[in-house]
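These notes concern the structure reproduced below.
Computed from a predicted model, the values in this text were never measured in an experiment.
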Amino acid sequence: PMSREAGDDAAPSSSRPVDAEIVVNILRSMGVERWEPRVVNQCMEFVYRYSSDVLNDAKVYAKHANRSQLTVADLKLAIVSRDGFTFTEPPGRDVLQELAAPLNRTPLPPVTRRAGIPLPSEHHLLTPNFQVHPFTPGVPPVPARAGAAGSARAQPPAAP
């Protein structure tokens, strides 16, 4: 269930942890009026993981520089190096068009004018297709093959 108001998401602000209160304030400042209660927890988990990863990377950089104490430069380097694979932008329109061009050169198969749901051809199926025999009053059903699963009306086609 979505929270009716931003303050109704989990607990009153007096019993909410400080980190959760900060996330709620960020949501409010971005104009978010309603959210599920788990959104605050997910945001806090993301912030914790990202911060932990950046700090661990900064420790590695400081150790590599034979220092026991972190510097702002270590943190900046850790953030910049992590930025490349944590946050990615989608490819630009030109790149997508270039990638799509060879695929778009292949013409689509013609549309058949048949009633019913169009099914893929036999060579595109992962399992054998079933032949469904419609029920016709007064006509006996097609007998099921020995060992075939399902009803007598839905049977896989005979092997060629």
Side-chain angles (χ1 to χ4, degrees), residues 1-13 15-132 134 150 154-160:
M2 297 273 270
S3 296
R4 183 134 171 73
E5 265 183 48
D8 293 343
D9 64 296
S13 65
S15 66
R16 190 181 299 144
V18 175
D19 294 341
E21 194 64 35
I22 291 170
V23 170
V24 167
N25 289 336
I26 291 171
L27 289 170
R28 286 183 186 146
S29 71
M30 295 181 71
V32 179
E33 297 173 4
R34 296 173 53 175
W35 58 81
E36 290 186 21
R38 294 179 295 180
V39 169
V40 174
N41 294 337
Q42 289 172 340
C43 289
M44 286 178 21
E45 182 179 341
F46 171 77
V47 168
Y48 175 78
R49 282 188 185 181
Y50 181 76
S51 301
S52 298
D53 290 344
V54 166
L55 287 172
N56 286 332
D57 289 351
K59 285 180 189 177
V60 169
Y61 299 144
K63 185 177 179 181
H64 181 73
N66 293 324
R67 284 185 276 107
S68 60
Q69 203 167 17
L70 294 179
T71 64
V72 174
D74 296 328
L75 288 170
K76 285 182 178 180
L77 180 59
I79 290 170
V80 169
S81 65
R82 188 155 285 282
D83 189 36
F85 61 89
T86 300
F87 306 107
T88 58
E89 292 185 21
R93 183 183 180 117
D94 296 337
V95 173
L96 290 176
Q97 285 179 334
E98 186 178 317
L99 292 171
L103 185 63
N104 289 339
R105 278 191 214 106
T106 307
L108 294 172
V111 177
T112 58
R113 303 261 183 215
R114 306 186 324 192
I117 300 171
L119 297 174
S121 60
E122 287 289 328
H123 67 278
H124 289 295
L125 298 177
L126 298 175
T127 59
N129 197 4
F130 286 85
Q131 300 297 320
V132 179
Q155 302 170 5

Pairs in or reaching into residues 88-110: which pass salt bridge (Lys or Arg N to Asp or Glu O under 4.0 Å), with residues at least two apart or in two chains? none

Would you please name every residue forming a side chain to side chain contact (heavy atoms under 4.5 Å, CB included) with R67, sequence neighbours left out? A62, A65, T71, D74

When rounded to the nearest 0.5 angstrom, what distance separates CZ in R38 from CD in E45? 12.5 Å

Between D83 and I79 (side chain of the first, backbone of the second, donor and acceptor by atom type, cut-off under 3.5 Å), is there such a pair? no

In Å and rounded to the nearest 0.5 Å, what is the CD1 to SG distance from I26 to C43? 8.0 Å

Could you pull out all donor-acceptor pairs under 3.5 Å where a side-chain atom in residues 51-60 meets a protein atom, sequence neighbours excluded?
| from | atom 1 | to | atom 2 | distance (Å) |
| --- | --- | --- | --- | --- |
| S51 | OG | V47 | O | 2.8 |
| S52 | OG | Y48 | O | 2.8 |
| N56 | ND2 | S52 | O | 3.2 |
| D57 | OD2 | R82 | NE | 3.0 |
| D57 | OD2 | R82 | NH2 | 2.9 |

Evaluate the side chain to side chain contact (heavy atoms under 4.5 Å, CB included) criterion for residues D19 and V23: first the C-alpha distance (whole Å), next the side-chain angles of each, then the deciding distance (0.1 Å), finally the verdict. CA-CA 6 Å; D19 294 341; V23 170; 5.8 Å; no

Taken in chain and number order and not counting sequence neighbours, the residues that satisfy side chain to side chain contact (heavy atoms under 4.5 Å, CB included) with S81 are Y61

Sequence neighbours excluded, which residues qualify as side chain to side chain contact (heavy atoms under 4.5 Å, CB included) partners of Q42? none

With N41, which residues qualify under side chain to side chain contact (heavy atoms under 4.5 Å, CB included), at least two apart? none

